[in-house]
Amino acid sequence: MDTRNTIRVNFVRVPSELKELVLKVPGGSRFSERHGHLLNLVTSVFEEEMMSVLFQFFDPEHHCFTFPDYQLVPTMEEFSEMLHIPIIDQLPFTGLENIPNPGVMVATLHDLKKSEIENNWETRSGVKGFLARFLLEKARSFLDSMSYHAFEDIMALLIYGLVLFPNPNQFIDVHAIKIFLTRNAVPTLLGDILHSLHTSTMKKRGTLMCCMPLLSRWFISHLPRSVMRNDQGLKWPRRIMSLYHSDIRWCSLSKEMLLSPSVVDSALMCHF
């Protein structure tokens with residue numbers, strides 16, 4: 001890879017306060033049953049060098065990663081399976097939805113009072129939402145009082161606003177809140193990641209404002225184990241450039257996916 005043409009990008013990191021709280025999730029928690037495998041995104045560590053190199057292969061014209069011998073692009077089905085979050089048969093998030101009223105949020109975020117929501121509803125750069133520190137404080141309070149159901153809901157909303165759809169200002173904006181309330185995050189996640197990749201590639205710089213832990217886990221899922229072991233001590237450009245079509249671990253369909261022919265057809269699209 002010609003380093004003279006390398007596009008420099010920055011990444012949004014998961015806040016340390018959120019990582020600390022995730023480590024305190026009690027044993028026997030039903031978080032994964034209710035919110036999917038979001039906790040893994042907080043605790044997983046992705047290699048910035050690997051992601052910087054991967055970014056160089058993004059093809060903005062075809063919206064995929066184009067390598068010398070193959071192409072890769074994430075699919076909704078892959079994200080759904082990795083996150084254990086279903087794709088709901090409804091119109092995905094458009095951004096035109098009404099701002100949720102406090103009553104709706106009270107019904108979803110158990111034990112959070114209407115007055116607390118109204119008093120902490122902030123505006124940043126013209127966008128409504130909550131400051132992360134408010135929700136972090138509430139999560140700690142619910143954990144201390146052993147209100148685990150409320151704790152898990154607040155934690156899920158924090159992950160939506162700080163990891164899935166990150167905001168660099170430690171702000172849980174209303175768009176992330178709307179997506180959280182719909183329980184149909186996967187289509188928007190895929191679109192958000194591809195849009196961020198496209199925008200940064202065209203600008204040839206910037207911060208990737210998308211869920212990097214998920215993109216990292218997706219890419220690693222396709223790499224042969226020898227690349228991850230890296231017995232030869234190669235740097236990421238050499239490790240990626242040495243791969244051929246036959247080396248890639250292509251999509252493996254789960255039993256759940258095999259039950260739906262439409263899902264199978266969509267998943268096979270990543271089998272170039």
Side-chain angles (χ1 to χ4, degrees), residues 8-25 31 35-46 48 51-52 83 93 95 97 99-100 102 104-106 108-144 147 150-182 185 188-189 191-193 195-197 199-200 203 205-217:
R8 303 294 180 184
V9 290
N10 301 313
F11 305 102
V12 178
R13 293 176 175 81
V14 177
S16 58
E17 298 92 337
L18 184 60
K19 291 183 178 181
E20 292 169 4
L21 268 178
V22 165
L23 294 177
K24 295 179 181 179
V25 173
F31 185 98
H35 300 292
H37 298 161
L38 299 183
L39 299 179
N40 295 337
L41 297 180
V42 179
T43 56
S44 63
V45 179
F46 69 87
E48 290 194 6
M51 298 309 293
S52 294
L83 294 175
F93 173 73
E97 293 81 0
I99 295 177
V104 171
M105 285 188 274
V106 167
T108 303
L109 302 171
H110 304 279
D111 294 344
L112 200 61
K113 298 181 176 62
K114 183 178 179 181
S115 59
E116 291 179 309
I117 292 174
E118 293 173 336
N119 293 337
N120 289 278
W121 194 241
E122 305 274 351
T123 302
R124 291 289 183 274
S125 301
V127 180
K128 301 286 187 179
F130 295 118
L131 294 177
R133 67 169 178 264
F134 160 64
L135 293 178
L136 287 166
E137 289 172 0
K138 293 304 300 182
R140 295 188 190 100
S141 174
F142 288 141
L143 182 61
D144 291 341
S147 300
F151 168 71
E152 291 170 1
D153 286 340
I154 296 294
M155 285 294 295
L157 180 54
L158 280 164
I159 294 172
Y160 267 71
L162 297 177
V163 183
L164 295 186
F165 307 99
N167 189 305
N169 300 316
Q170 298 290 288
F171 188 63
I172 315 299
D173 68 45
V174 68
H175 302 302
I177 296 170
K178 290 177 184 179
I179 299 167
F180 171 75
L181 293 174
T182 67
T188 311
L189 266 173
D192 192 58
I193 286 176
H195 178 268
S196 183
L197 290 167
T199 301
S200 297
K203 290 182 177 179
R205 59 181 175 80
T207 299
L208 285 172
M209 295 301 300
C210 61
C211 187
M212 294 309 298
L214 177 59
L215 186 60
S216 173
R217 290 169 70 88

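Every heavy atom of this structure was used, including side-chain atoms; hydrogens, water molecules and symmetry mates were not.
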**OP:** Please list all pairs passing the side chain to side chain donor-acceptor pair (under 3.5 Å) test where one or both residues lie in residues 124-136, with sequence neighbours left out.
**Re:** T123-K128
Subject >> Selection residues 152-162 - residue pairs positive for side chain to side chain donor-acceptor pair (under 3.5 Å), sequence neighbours left out >> reply: S29-E152, R34-E152, R34-D153, H35-D153
Original post:
So, S196 side chain and M209 main chain: donor-acceptor pair closer than 3.5 Å or not?
Top reply: yes
**OP:** Could you tell me whether a side-chain N or O of D192 sits under 3.5 Å from a main-chain N or O of T188, the two making a donor and an acceptor?
**Re:** no
Once you round to the nearest 0.5 Å, how far does [atom1] of [X] lie from [atom2] of [Y]?
{"X": "L112", "Y": "I154", "atom1": "CG", "atom2": "CD1", "result": "5.0 Å"}
{"X": "F165", "Y": "I193", "atom1": "CZ", "atom2": "CD1", "result": "8.5 Å"}
{"X": "L39", "Y": "S44", "atom1": "CG", "atom2": "OG", "result": "11.0 Å"}
{"X": "L21", "Y": "L136", "atom1": "CG", "atom2": "CG", "result": "6.0 Å"}
{"X": "I159", "Y": "N40", "atom1": "CD1", "atom2": "CG", "result": "9.5 Å"}

Subject >> Partners meeting side chain to side chain donor-acceptor pair (under 3.5 Å) with T108 (sequence neighbours left out) >> reply: none
Original post:
F31 and L38: side chain to side chain contact (heavy atoms under 4.5 Å, CB included), yes or no, with the steps?
Top reply: CA-CA 9 Å; F31 185 98; L38 299 183; 4.0 Å; yes
Original post:
In chain order, what residues pass the ring-ring contact (aromatic ring centres under 6.0 Å, His included) check against H195, with sequence neighbours excluded?
Top reply: none
Subject >> Criterion side chain to side chain contact (heavy atoms under 4.5 Å, CB included) on L135 and N120, from CA distance to verdict >> reply: CA-CA 9 Å; L135 293 178; N120 289 278; over 6 Å; no
Donor-acceptor pairs under 3.5 Å, side chain of residues 11-18 to any protein atom, not counting sequence neighbours: which ones?
| from | atom 1 | to | atom 2 | distance (Å) |
| --- | --- | --- | --- | --- |
| R13 | NE | E48 | OE2 | 3.2 |
| R13 | NH2 | E48 | OE1 | 3.2 |
| R13 | NH2 | E48 | OE2 | 2.7 |

Would you give me the side-chain donor-acceptor pairs under 3.5 Å for residues 166-180, sequence neighbours excluded?
| from | atom 1 | to | atom 2 | distance (Å) |
| --- | --- | --- | --- | --- |
| N167 | OD1 | N169 | N | 2.9 |
| D173 | OD1 | H175 | N | 2.9 |
| D173 | OD1 | A176 | N | 3.0 |
| K178 | NZ | E97 | O | 2.6 |

